[in-house]
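Remarks on the structure that follows.
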Amino acid sequence: MPPSAGDNYALLSPPALMVAGLCAASFLIVMTVLPAGSLARNLAGDRAGGLALILVATCPALVSRASNVIVDTFAAFFALWSLYFCSALVKGTASGDNRMRWRAAFAGAAAGLAFASKYTVAVVFAAVAFTIVTLPVSRSSRFRLLALACAGFCLTTALMAPAVIFNAGAVWREMAATAHNYTIMTSAPGYFGQAVSRSELGWPLVIAGGLGLLLMLRAGNDRPVALGWIVFGIFLIGLFITKPFQPFRNLLPLVPPFCIAAALAFDRLLKWAAGRGRAAFWNSIVAL
């Protein structure tokens with residue numbers, strides 16, 4: 001890189017590395033709609049799944065980063081898969097499904113892949129652990145499921161981020177240096193100010209997502225899923241909220257589940273409208 005290039009990421013070399021990274025990042029952003037739609041469909045039916053597909057596919061926070069090679073898009077993709085398997089654990093318990101062990105292992109493995117993508121997103125495992133320990137099963141079953149989740153997490157971490165195990169000292173030093181940089185750099189506005197901007201989520205999506213989470217908390221079947229998302233959000237936001245440097249990309253893994261919550265809110269609105277003969281009007285509102 002020539003001295004005049006400064007911090008221009010587009011001048012990294014070799015170019016083939018950038019092309020490969022762009023293709024991978026774009027692919028994962030596009031593929032993120034699949035677990036999002038499937039998760040919403042499992043929670044509230046086909047219409048909610050379709051709405052979630054649309055919201056995730058068009059959310060500016062995700063779309064604008066599809067052309068950037070950043071680890072956050074990878075972390076968001078795998079974190080969503082971890083939350084997907086957490087939801088499957090909850091729904092499987094309710095229906096008596098006997099595939100709980102596989103789902104616990106896959107939830108942990110996806111969390112490990114998120115960790116390998118970006119170290120701070122390892123906190124998604126808090127949602128996995130919370131989901132398992134709150135399942136209405138015996139204590140021994142919870143222990144086995146948690147052990148399988150931990151095994152999946154450790155296995156994918158060892159395969160995809162072996163430096164965490166074999167060169168842990170260097171990894172911790174780099175993490176400490178990065179954390180220090182967040183204390184000497186500044187940015188404005190903060191996370192909330194960026195979230196409500198049109199370039200990230202925007203006010204309508206923020207309001208709909210918050211309302212969707214509240215509705216999930218009120219619904220008995222969806223409450224464990226919502227609580228797992230909230231636990232993940234609290235841990236992830238807690239890592240960065242006190243820092244003066246607050247790039248929104250740090251919270252990108254929270255965007256897909258937030259879009260899903262918004263889709264559930266819109267779906268509930270349409271159901272309410274249909275019951276009162278106002279479906280056409282509210283369908284137009286949701287479309288807008």
Side-chain angles (χ1 to χ4, degrees), residues 9 20-40 43 49 52-88 106-128 131 152-153 156-157 160-161 178 191-192 194-195 197 199-202 205-206 209 212-213 225-226 228-241 246-263:
Y9 295 111
L22 285 170
C23 290
S26 299
F27 174 76
L28 288 186
I29 284 293
V30 172
M31 294 301 291
T32 300
V33 304
L34 298 181
S38 181
L39 203 167
L43 291 174
L53 284 172
I54 294 170
L55 291 176
V56 173
T58 58
C59 179
L62 297 170
V63 174
S64 63
R65 289 174 174 85
S67 59
N68 296 332
V69 185
I70 54 175
V71 296
D72 305 86
T73 55
F74 295 79
F77 176 77
F78 292 118
L80 180 59
W81 272 112
S82 184
L83 297 178
Y84 172 86
F85 286 114
C86 286
S87 174
F106 286 146
L113 291 172
F115 173 50
S117 301
K118 186 171 183 175
Y119 296 142
T120 54
V121 189
V123 296
V124 72
F125 192 81
V128 178
T131 300
F153 181 90
T156 52
T157 298
M160 306 308 296
T178 301
Y191 287 125
F192 182 78
Q194 295 175 73
S197 69
S199 61
E200 298 294 356
L201 302 179
L205 189 56
V206 168
L213 285 174
V225 178
W229 294 0
I230 291 172
V231 167
F232 175 36
I234 289 174
F235 273 85
L236 188 60
I237 294 173
L239 291 175
F240 301 106
I241 194 63
Q246 298 185 355
F248 192 75
R249 65 176 181 273
N250 287 332
L251 305 186
L252 198 66
L254 300 179
V255 172
F258 201 77
C259 289
I260 295 171

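Here, residue 1 is the first one in the sequence, and each next residue gets the next number.
- With values rounded to the nearest 0.5 angstrom, M31 atom CE is found 14.0 Å from T73 atom OG1.
- Of the possible polar contacts, none joining the S26 side chain to the C23 backbone as a donor-acceptor pair under 3.5 Å is found.
- Closest heavy-atom contact between A107 and S82: O-OG, 3.0 Å.
- In this structure, W81 has its ring center no closer than 6.0 Å to that of F78.
- Between L239 and V123, the closest side-chain pair of non-hydrogen atoms falls below 4.5 Å.
- Looking only at side-chain heavy atoms (C-beta outward), S199 and P60 stay at 4.5 Å or farther from each other.
- S38 places no side-chain N or O within 3.5 Å of a backbone atom of P35 that could act as its donor or acceptor partner.
- For the atom pair L53 CG and L34 CG, the distance stands at 7.5 Å (nearest 0.5 Å).
- Here the shortest heavy-atom pairing between A75 and A114 reads O-CB, 3.9 Å.
- Nearest heavy-atom pair across A61 and S64 is O-OG, 3.8 Å.
- In this structure, OG in S87 is found 10.5 Å from CG in L80, a value given to the nearest 0.5 Å.
- The distance from the CZ atom of F192 to the OG atom of S197 is 10.5 Å, given to the nearest 0.5 Å.
- Put simply, the side chain of Q194 gets close to the backbone of F248: a donor and an acceptor are under 3.5 Å apart.
- Among all heavy-atom pairs drawn from A52 and A36, the shortest one is CB-O, 3.9 Å.
- Exactly one of I234, L213, L254 qualifies for a side-chain contact (heavy atoms from CB on, under 4.5 Å) with W229. That residue is L213.
- Here the closest heavy-atom approach between residue C86 and residue T131 is recorded as O-CG2, 3.6 Å.
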Problem - F232 and V121: CA distance, side-chain angles, deciding distance, side chain to side chain contact (heavy atoms under 4.5 Å, CB included) verdict - result: CA-CA 9 Å; F232 175 36; V121 189; 4.2 Å; yes
Practice task
Check the pair L201, V255 against side chain to side chain contact (heavy atoms under 4.5 Å, CB included), reporting the backbone distance first and the verdict last.
Solution key: CA-CA 8 Å; L201 302 179; V255 172; 3.8 Å; yes
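- Taking CZ from F74 and CG from L113, the interatomic distance works out to 12.0 Å, rounded to the nearest 0.5 Å.
- Here the closest non-hydrogen pair linking A109 and T156 is O-OG1, 3.1 Å.
- Interatomic distance, CD1 of I260 versus OH of Y84, reported as 11.0 Å (0.5 Å rounding).
- Below 30°, between 30° and 60°, or above 60°: for F115 and F153 the angle between ring planes is below 30°, a parallel geometry.
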Practice task
For R65 and L252, run side chain to side chain contact (heavy atoms under 4.5 Å, CB included): C-alpha distance rounded to whole Å, both residues' side-chain angles, the deciding distance at 0.1 Å, then the answer.
Solution key: CA-CA 10 Å; R65 289 174 174 85; L252 198 66; 3.8 Å; yes
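- Annotation for F240: atom CZ counts as buried by contact number, over 12 foreign heavy atoms lying within 6.0 Å.
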Exercise for the section: Decide yes or no on side chain to side chain contact (heavy atoms under 4.5 Å, CB included) for L236 and N250, but give the supporting numbers first. Expected result: CA-CA 8 Å; L236 188 60; N250 287 332; over 6 Å; no
